[in-house]
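Proteins get letters first, then strands, A, B, ... in listed order; numbering begins at 1 in each.
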Protein chains: 2
Amino acid sequence: MGIKDDAVEVRAQGWRTLAALHGSIEAELEKALQSAVELSVVEYTVLDALSRQDGWHMRMQQLARATALSSSATTRLVNRLEDRGLLTRILCADDRRGIYTELTSAGQKLLLEAKPAHDETLAAALASAELVPELEPLVKALGALQGV
Amino acid sequence: MGIKDDAVEVRAQGWRTLAALHGSIEAELEKALQSAVELSVVEYTVLDALSRQDGWHMRMQQLARATALSSSATTRLVNRLEDRGLLTRILCADDRRGIYTELTSAGQKLLLEAKPAHDETLAAALASAELVPELEPLVKALGALQGV
DNA sequence: GCCAGATACTTGCGCAAGCAACTACTTTGC
DNA sequence: GCAAAGTAGTTGCTTGCGCAAGTATCTGGC
């Protein structure tokens with residue numbers, strides 16, 4: 001095996017590690033958010049993204065990118081949250097194709113309620129991942145990223 | 001904000017970064033594998049995991065863990081691959097509840113065909129992620145993990 | 001001004017996922 | 001040795017996803 005081949009193998013190994021860590025964290029968050037506030041991980045992601053947005057509104061496309069979802073999935077995701085009264089659609093005045101979504105006060109309230117559960121579960125998931133030998137270095141590396 | 005609160009925010013930011021990187025790599029692999037050999041990412045993961053296994057066989061449960069899938073999803077995933085002749089089910093002699101899955105030669109062949117596309121796409125996905133400011137540090141960190 | 005092509009979102013459809021219930025087998029306790 | 005509890009895998013059902021096609025709106029060439 002030459003140096004080049006090693007690089008390929010290192011990348012593949014890194015990807016498997018990344019996927020494994022992502023999968024285990026997501027599964028734990030899913031369970032915790034579901035039982036605490038009946039939200040899926042992507043639903044939480046939407047509420048959280050909106051709350052961290054100036055003016056608390058985003059267009060569908062931005063939301064699609066933030067959640068790594070297709071635009072059709074985003075439509076239905078927003079439908080679900082709108083039906084529960086957690087956000088509202090607002091037509092763009094300047095570009096009438098566009099639609100802004102905005103958190104309602106119920107949405108803000110639910111997010112506040114969900115956040116502690118989310119953060120605790122995330123901490124616990126990272127801690128338990130750190131005990132798995134294959135995952136431990138990546139967890140350490142993740143913690144070392146400066147949070148902007 | 002105290003030190004404790006910062007740690008929470010750093011973890012949340014790290015998780016968002018991890019999820020974003022995972023999502024973008026997975027999407028690119030999905031497209032590439034689909035067009036090259038009509039495999040999804042998890043299907044490739046199964047074939048790859050089997051090929052890296054001594055004796056080339058694994059039990060359903062192991063497979064479920066390796067793919068982060070439920071056991072019912074694993075059943076149907078193995079069905080799909082079996083229907084395409086890429087692997088076979090073999091009853092365990094020692095524990096008759098268990099079922100081994102094993103790559104067929106067609107499965108090995110397809111995997112060999114898929115691997116270059118997979119590896120190139122992975123390299124390209126990492127390279128392009130490295131150009132995104134938020135993702136760049138994590139990509140660097142991933143490359144620095146020693147591959148066992 | 002107006003038509004062609006691009007962009008933003010929605011809808012119809014098929015597919016793969018999870019949960020819960022089921023069957024089959026093994027292990028434990030007495 | 002046998003009943004109870006546990007484990008391995010499959011099946012029925014519901015849900016959410018992506019793709020492709022559809023509608024509405026904007027933009028650029030002439």
Side-chain angles (χ1 to χ4, degrees), chain A residues 19 22-35 38-47 57-84 86-102, chain B residues 19 22-35 38-47 57-84 86-102:
Chain A
H22 177 271
S24 84
I25 293 175
E26 181 155 67
E28 294 201 41
L29 285 178
E30 195 78 51
K31 271 186 295 182
L33 289 173
Q34 198 58 243
S35 84
E38 296 197 313
L39 285 175
S40 69
V41 173
V42 287
E43 287 165 352
Y44 178 88
T45 302
V46 166
L47 301 186
H57 64 289
M58 285 173 88
R59 289 180 68 148
M60 302 290 286
Q61 292 290 344
Q62 292 179 268
L63 230 39
R65 248 170 278 126
T67 55
L69 243 44
S70 69
S71 56
S72 65
T74 306
T75 290
R76 290 182 250 252
L77 174 52
V78 168
N79 283 346
R80 291 198 299 276
L81 296 174
E82 191 177 25
D83 289 347
R84 284 177 64 179
L86 302 176
L87 52 76
T88 49
R89 280 179 163 88
I90 300 178
L91 298 175
C92 288
D94 51 321
D95 181 345
R96 290 188 352 213
R97 291 169 305 181
I99 294 183
Y100 286 118
T101 52
E102 197 171 301
Chain B
H22 177 270
S24 83
I25 294 175
E26 181 156 68
E28 294 200 42
L29 284 178
E30 195 77 51
K31 272 186 295 183
L33 288 172
Q34 197 59 243
S35 83
E38 296 196 313
L39 285 176
S40 68
V41 173
V42 288
E43 286 166 352
Y44 178 88
T45 302
V46 166
L47 300 186
H57 64 289
M58 285 174 88
R59 290 179 68 146
M60 301 292 285
Q61 292 290 346
Q62 293 180 270
L63 230 39
R65 248 170 277 128
T67 55
L69 242 45
S70 68
S71 56
S72 66
T74 306
T75 290
R76 290 183 248 253
L77 174 53
V78 167
N79 283 346
R80 290 199 299 276
L81 296 173
E82 190 177 26
D83 289 347
R84 285 177 62 179
L86 303 175
L87 52 75
T88 50
R89 280 180 162 88
I90 301 177
L91 299 175
C92 287
D94 51 322
D95 181 346
R96 292 189 350 214
R97 293 168 305 180
I99 294 184
Y100 287 117
T101 53
E102 197 170 299

Drop me the distance from Thr45(B)'s OG1 to Leu77(B)'s CG, to the nearest 0.5 angstrom. 9.0 Å
How many whole angstroms separate atom CG of Leu69(A) from atom C1' of dC9(C)? 14 Å
According to salt bridge (charged side-chain N to carboxylate O under 4.0 Å, His left out), who are the partners of Glu82(A), at least two apart in sequence or on a separate chain? Arg89(A)
Between Glu43(A) and Arg65(B), whichever has its closest DNA chain D nucleotide further toward 5' is Arg65(B)
Does the side chain of Arg80(B) come within less than 4.5 Å of Leu86(B)'s, by heavy atoms? no
N/O contacts under 3.5 Å, protein versus nucleotides 21-29 of chain D?
unit_1	atom_1	unit_2	atom_2	d
dC26(D)	OP1	Arg96(A)	N	3.0

Rounded to whole angstroms, how far apart are CG on Leu63(A) and C1' on dA8(C)? 13 Å
Tabulate protein N/O versus nucleotide N/O from nucleotides 10-13 of chain C, keeping only pairs under 3.5 Å, one per line.
unit_1	atom_1	unit_2	atom_2	d
dT10(C)	OP1	Arg89(A)	NE	2.9
dT10(C)	OP1	Arg89(A)	NH2	3.0
dT10(C)	OP2	Thr75(A)	OG1	2.8
dT10(C)	OP2	Arg89(A)	NH2	3.3
dG12(C)	O6	Arg76(A)	NH2	2.5

Roughly, in whole Å, what's the span from CD in Gln34(B) to C1' in dC15(C)? 11 Å
Heavy-atom closest pair (Glu43(B) atom, Leu39(B) atom, distance to 0.1 Å) is OE1-CA, 3.4 Å
Going by side-chain hydrogen bond (donor to acceptor under 3.5 Å, both in side chains), name the residues that satisfy it together with Gln62(B), two or more places apart in sequence or in a different chain. none
Nearest-angstrom distance from the residue atom CZ of Arg59(B) to C1' of dG9(D): 10 Å
For the helix from dG1(C)-dC30(D) to dC30(C)-dG1(D), what is the angle between the axes at its two ends, each from 5 pairs, rounded to 10°? 30°
Contact nearer the 5' end of DNA chain C, comparing Gln61(A) with Lys31(A): Gln61(A)
Rounding to an integer number of Å, can you tell me how far Tyr100(B) OH sits from dC25(C) C1'? 15 Å
With His22(B), which residues qualify under ring-ring contact (aromatic ring centres under 6.0 Å, His included), at least two apart? Trp15(A), His22(A)
Starting at atom CG of Leu77(B), determine the distance to atom P of dC15(C), rounded to an integer number of angstrom. 16 Å
State, with a plain yes or no, whether a side-chain heavy atom of Met58(A) is found less than 4.5 Å away from one of Glu102(A). no
Send over the distance from Gln62(A) CD to dT7(C) P, rounded to a whole Å. 16 Å
Non-hydrogen side-chain atoms of Thr101(B) and Met60(B) separated by less than 4.5 Å: yes
Measure the CZ-CZ distance between Arg65(A) and Arg59(A) for me, rounded to the nearest 0.5 Å. 10.0 Å
Inter-residue atom distance Tyr44(B).OH - Leu29(B).CG, 0.5 Å rounding: 9.0 Å
Counting only heavy atoms from other residues, nucleotides and ligands, does the tally under 6.0 Å from CD of Gln34(A) exceed 12? yes
